[in-house]
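Working notes, structure below.
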2 protein chains.
Amino acid sequence: MIDGRKARGEKKRRAIVEAALRVIEREGIAGVTHRSVAREAGVPTTASTYYFATLDDLLIATLLWVAEELCEDMLKIVASGGNPREIARFLARAVNENRARTLAEYELYLLAGRRPELKAAARRWLDLAVEVSRPADPVAFRAFLAAVDGLLIQGLIADVAPNEDELEPIVSFLICGRDDSTPETREQ
Amino acid sequence: MIDGRKARGEKKRRAIVEAALRVIEREGIAGVTHRSVAREAGVPTTASTYYFATLDDLLIATLLWVAEELCEDMLKIVASGGNPREIARFLARAVNENRARTLAEYELYLLAGRRPELKAAARRWLDLAVEVSRPADPVAFRAFLAAVDGLLIQGLIADVAPNEDELEPIVSFLICGRDDSTPETREQ
DNA sequence: CAACTACTTGAACGATTGTTCCACAAGTTT
DNA sequence: AAACTTGTGGAACAATCGTTCAAGTAGTTG
């Protein structure tokens, strides 16, 4: 019934996409070639060209894959309460432990700026966030979402990336309004 | 006294940098080669390699040049009052008329994420903004600056980029606090 | 087992790349 | 004018690139 060949094919295709993402994390989009990705995935070059007719197709598939994972992360945060500290922790991880990944995400993000057909995928996490949060104040929510992007991108070019404690007051301000940052965690 | 050769050399060097920026606006960083930039500038390929020993040097020079102009723009806005409508107008222009330029700026921005020595230049407009604004509420100001980046980058991947009127309430919220958006411009 | 489909892979093609080299022109200094 | 510095630019190099091709393997279907 099911074609075992196609199943393994899908798996290999995905392995190649994941290898492409690792290459982008390490060297940026500029480092993505059929050969470099294939080497990273441990497959012959022609495996990459077989599954992705053009290099562009591979980058597009990578963006779609990253966008999907990004949505999952976002939903997880919303589900876990979405309080400022939780969000600050996520942002801090993004610009520290997951720095390379975040950098890769933004490079792919900008790729969508030049490919209209990719825009929907790139901003899907934004649309999803609005959808699941049903914010009382849409303007404030838009400002918050914009600030998330800004905090990340600015965190990437900081000399030393901000940590959870530095980000938390800013997140709090954006969510709760003027400076009522979690007094219970503040030493007197 | 002054060396006329060096003077013309400086001028040519700058022309090449400006050509590089135009190439990035049109095709992205990926489109930058010594040959494409030289063609854009109307000079032989070796002119580009003469002034910029490596392609990287050319990209670095372009980032530094863009960062400088960005600071000037920022100072102009602050000087012109820095009210929400003024800022919203600037942001709207950035993602519409100047879309290509803004896209180029962010691609170069991310380049700094991979070159520690470029970080300072890339975020100079941020440091300058803090310096000249001396904000009463540093946390709110950080949030505002982050949102500016976010609004721009999200504007670049929107199906239809936001206009001045759509951005103004968000900017107002970030500056003045909860939804007191310029009532004098609102039709009843 | 035969026909078919899906995947595999090394070899190769032409194109483009960054960069170097070198002979030379032009401007400056002594 | 001789010595120098600075800029110019055509030609060429090896390297790498995306992509194609064709011959082959291995599963699936009838």
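Reminder, nothing fancy here: chain letters follow the sequence lines and each chain counts from 1.
- If you measure from atom CZ of A/Arg13 to atom P of C/dT8, you get 13 Å, rounded to the nearest angstrom.
- Between A/Glu131 and A/Arg124 there is no salt bridge, since no side-chain nitrogen of the basic residue lies less than 4.0 Å from a carboxylate oxygen of the acidic one.
- Summarising the geometry, the separation between CZ on A/Arg5 and P on C/dT5 is reported as 10 Å, rounded to the nearest angstrom.
- Look at B/Glu69 and B/Arg101 and you find a salt bridge, because one of the NZ, NE, NH1 or NH2 atoms lies within 4.0 Å of a carboxylate O, short of that distance.
- Taken over five-pair windows at either terminus, the axes of the helix from C/dC1-D/dG30 to C/dT30-D/dA1 are inclined to one another by 10° (rounded to 10 degrees).
- Under a 3.5 Å cut-off, the side chain of B/Thr45 and the backbone N or O of B/His34 do not form any donor-acceptor pair.
- Taking side-chain N and O atoms only, B/Tyr51 has a distance below 4.0 Å to OP1 or OP2 of D/dT8.
- Minimum atom distance to the side chain of A/Thr49 is reached by D/dT20, of the listed D/dG27, C/dG27, D/dT20.
- Per the geometry, CD1 belonging to A/Ile29 stands 16 Å off P belonging to D/dC17, to the nearest Å.
- Between B/Leu58 atom CG and C/dT19 atom C1' there is a gap of 14 Å when expressed in whole angstrom units.
- Between B/Thr54 and C/dG18 there is no side-chain N or O to OP1 or OP2 distance below 4.0 Å.
- Of the possible donor and acceptor atoms, none in the side chain of A/Ser133 sits under 3.5 Å from a partner among the backbone N and O of A/Pro135.
- Side-chain atoms of B/Tyr50 lie closest to D/dT6 of the nucleotides D/dT6, D/dC17, C/dT5.
- Of the candidates C/dT28, D/dA26, D/dG18, the closest approach to any side-chain atom of A/Leu55 belongs to D/dG18.
- Following rounding to the nearest Å, A/Lys11 (NZ) and D/dG27 (P) show an atom-to-atom distance of 15 Å.
- The 5' end of DNA chain C is approached more closely, in terms of each residue's nearest nucleotide, by A/Gly9 than by the other of A/Gly9 and B/Val32.
- In this structure, the CZ atom of A/Arg8 is 9 Å from the C1' atom of C/dA6, given to the nearest Å.
- B/Glu117 is listed as a side-chain neighbour of B/Ile60, based on a closest heavy-atom distance under 4.5 Å.
- Out of C/dC21, C/dT8, D/dT19, the shortest distance to the side chain of B/Thr46 is found at C/dC21.
- For D/dG18, its base sits under 3.5 Å from the side chain of A/Arg35 at one donor and acceptor pair at least.
- Between the CZ atom of B/Arg39 and the P atom of D/dG9 there is a distance of 16 Å, rounded to whole Å.
- Residues B/Arg14 and B/Glu18 are paired through a salt bridge, judged by an N-O separation under 4.0 Å between the basic side chain and the carboxylate.
- In this model, the phosphate group of C/dT8 is approached by a side-chain N or O of A/Lys12 to a distance below 4.0 Å at OP1 or OP2.
- A 4.5 Å side-chain heavy-atom check between A/Asp165 and A/Arg85 finds at least one atom pair inside the cut-off.
- Counting any heavy atom pair closer than 4.0 Å across all strands shown, A/Thr33 reaches sugar-phosphate atoms only and no base atom.
- Ring-plane geometry between A/Phe144 and A/Phe141 is classed as tilted, the angle between the planes lying from 30 to 60 degrees on a 0 to 90 degree scale.
- A/Ala53 comes within 4.0 angstrom of sugar-phosphate atoms only, judged by non-hydrogen atoms across all strands, and of no base.
- If you measure from atom NE2 of A/His34 to atom P of C/dC13, you get 20 Å, rounded to the nearest angstrom.
- Between C/dG27 and B/Lys6, no contact under 4.0 Å exists linking OP1 or OP2 to a side-chain N or O.
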